[in-house]
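Lettering of chains follows the sequences in order, A, B, ..., and the numbering in each one begins at 1.
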There are 2 protein chains.
Amino acid sequence: MRTTEDIMQRMSRNGLRITEQRKTLVKLFDGASGYLTPKEVYEHMQRVYPGLSFDTVYRNLRVLLDMGVVEQIVFEDGVKFKLSCEEQHHHHHMICLQCEKTLPIRFCPMSETDVPGDFEVVKHKFEVFGYCGECKEAAAAAASREVQ
Amino acid sequence: MRTTEDIMQRMSRNGLRITEQRKTLVKLFDGASGYLTPKEVYEHMQRVYPGLSFDTVYRNLRVLLDMGVVEQIVFEDGVKFKLSCEEQHHHHHMICLQCEKTLPIRFCPMSETDVPGDFEVVKHKFEVFGYCGECKEAAAAAASREVQ
DNA sequence: CTCACTGCAAACCTTTTGCAAACCA
DNA sequence: TGGTTTGCAAAAGGTTTGCAGTGAG
């Protein structure tokens, strides 16, 4: 897997050690389409490393976060992580409430927004939540199965 | 104070009891310009009610939240509360990172946003963060005082 | 007088920290 | 080997819950 290898090499260059566990962690994010909670990460990882402790998960999430490999988002139901977007230019996200997959939105509303002259903008957040095509189809299929 | 009385009456109509503490809590929000953390609420309230316990603060915040008197927002550094906006029509917010005061943004970016046909939008979030005129002035004044 | 509210204590969940053992380079 | 990483245990927030006593209507 390309990305995983790249990341591991970057970690190595940063003076970090490559452990089996970290490799698995990066692969997990590399394969995940949406966001993962620390708990979900712990559960996935624990299947492979039964003796795994929660604090190690947190520590390694922080390592990946500090390296910019993953990004952290605070949802209403808690903190979640996902692989950082490869897309370099500024963009926003559409997030599926079911699978938490993200789609890029290229449009940035800041250019259209009237800001009072005395307000100094530092950052902004624009996020659209809903259901992606696949999840809608799945839900529709499930519903029709129920009716039958 | 108009708003506080209105809210207390609404609570009474909902079968809730009017206690001194709740009146003080509502007044606190009524007088606050920005967001308050549960901890800040506790600290303010404790000056008036030394025997106050934290769980009562949480319980009453939830009561106000359920009634729609206050709204809860999850910031990166934790949960905060503020009086619900009186402004009825859909709008967004500019939030001062210093004093956490909010200014309304009437423009809604959703009309300008290209959404794939198969994505069903449920909700969206558009927030602008920065420094308001007053806080910028205060900071500038403080800086020039330091230089002297 | 009754039911809602409060304080206390304890539980719970998430996240962080100190330390000694295990491990990578 | 030397410094990093890990597991364990414990602590540190933040939030919720059960219970008995207090207080509003």
Side-chain angles (χ1 to χ4, degrees), chain A residues 4-5 7-28 35-67 69-81, chain B residues 4-5 7-28 35-67 69-81:
Chain A
T4 305
E5 284 310 318
I7 294 168
M8 298 322 287
Q9 282 179 27
R10 251 174 68 206
M11 293 183 70
S12 190
R13 259 180 272 129
N14 283 27
L16 297 165
R17 303 260 156 100
I18 311 299
T19 64
E20 277 305 309
Q21 224 181 93
R22 283 182 174 164
K23 229 181 262 180
T24 307
L25 178 61
V26 173
K27 266 188 208 152
L28 171 61
Y35 292 90
L36 295 172
T37 62
K39 198 176 170 186
E40 284 165 345
V41 171
Y42 174 69
E43 282 161 2
H44 279 260
M45 296 285 294
Q46 210 192 24
R47 286 187 216 139
V48 189
Y49 308 95
L52 180 70
S53 64
F54 229 118
D55 44 42
T56 306
V57 170
Y58 277 106
R59 278 187 288 229
N60 280 331
L61 283 175
R62 174 165 295 222
V63 166
L64 295 185
L65 188 64
D66 291 345
M67 281 184 55
V69 172
V70 297
E71 48 193 60
Q72 184 191 46
I73 293 103
V74 181
F75 286 98
E76 308 206 349
D77 61 338
V79 174
K80 301 184 185 180
F81 296 83
Chain B
T4 304
E5 284 311 317
I7 294 168
M8 298 321 289
Q9 283 180 26
R10 251 174 68 206
M11 292 183 70
S12 189
R13 259 179 274 129
N14 284 27
L16 297 166
R17 303 261 156 99
I18 311 299
T19 64
E20 277 305 309
Q21 223 179 93
R22 283 184 175 165
K23 228 181 262 182
T24 308
L25 179 61
V26 173
K27 267 189 208 153
L28 172 61
Y35 292 90
L36 295 172
T37 61
K39 197 177 172 185
E40 284 165 346
V41 172
Y42 175 68
E43 283 161 1
H44 279 259
M45 296 284 294
Q46 209 192 23
R47 286 187 215 138
V48 188
Y49 307 95
L52 179 71
S53 65
F54 230 117
D55 43 44
T56 305
V57 170
Y58 276 108
R59 278 188 286 228
N60 280 331
L61 283 175
R62 174 165 294 219
V63 166
L64 295 185
L65 188 64
D66 291 345
M67 280 184 56
V69 173
V70 297
E71 49 194 60
Q72 184 190 48
I73 292 103
V74 181
F75 287 97
E76 309 206 347
D77 60 338
V79 174
K80 301 184 186 180
F81 296 82

Please confirm whether the shortest side-chain N or O distance from [X] to OP1 or OP2 of [N] is below 4.0 Å.
X	N	value
B/Gln21	D/dG23	no
B/Arg62	D/dT16	yes
B/Thr19	D/dG23	no
B/Arg22	C/dC5	yes
B/Ser53	C/dG7	yes

Protein-nucleotide distance ([X], atom [atom1]; [N], atom [atom2]), rounded to Å:
X	N	atom1	atom2	result
A/Asp66	C/dT16	CG	P	11 Å
A/Tyr42	C/dC13	OH	P	14 Å
B/Asp77	D/dG14	CG	C1'	13 Å
B/Leu16	D/dG23	CG	P	19 Å
B/Phe54	D/dG13	CZ	C1'	10 Å
A/Asp55	D/dG13	CG	P	17 Å

Between D/dG7, C/dA25, D/dT16, spot the one nearest the side chain of B/Tyr58, thanks.
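Comparing D/dG7, C/dA25, D/dT16 against the side chain of B/Tyr58, the answer is D/dT16.
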
Can you figure out which of D/dT6, D/dG14, C/dT6 approaches the side chain of A/Asn60 most closely?
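Of the candidates, D/dT6 comes closest.
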
Taking the side chain as everything from C-beta on, heavy atoms only, tell me whether [X] gets closer than 4.5 Å to [Y].
X	Y	value
B/Arg10	B/Val69	yes
B/Arg22	B/Leu64	no
A/Thr56	A/Met45	no

For A/Ser12, side-chain hydrogen bond (donor to acceptor under 3.5 Å, both in side chains) partners two or more places apart:
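side-chain hydrogen bond (donor to acceptor under 3.5 Å, both in side chains) list for A/Ser12, sorted by chain: empty.
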
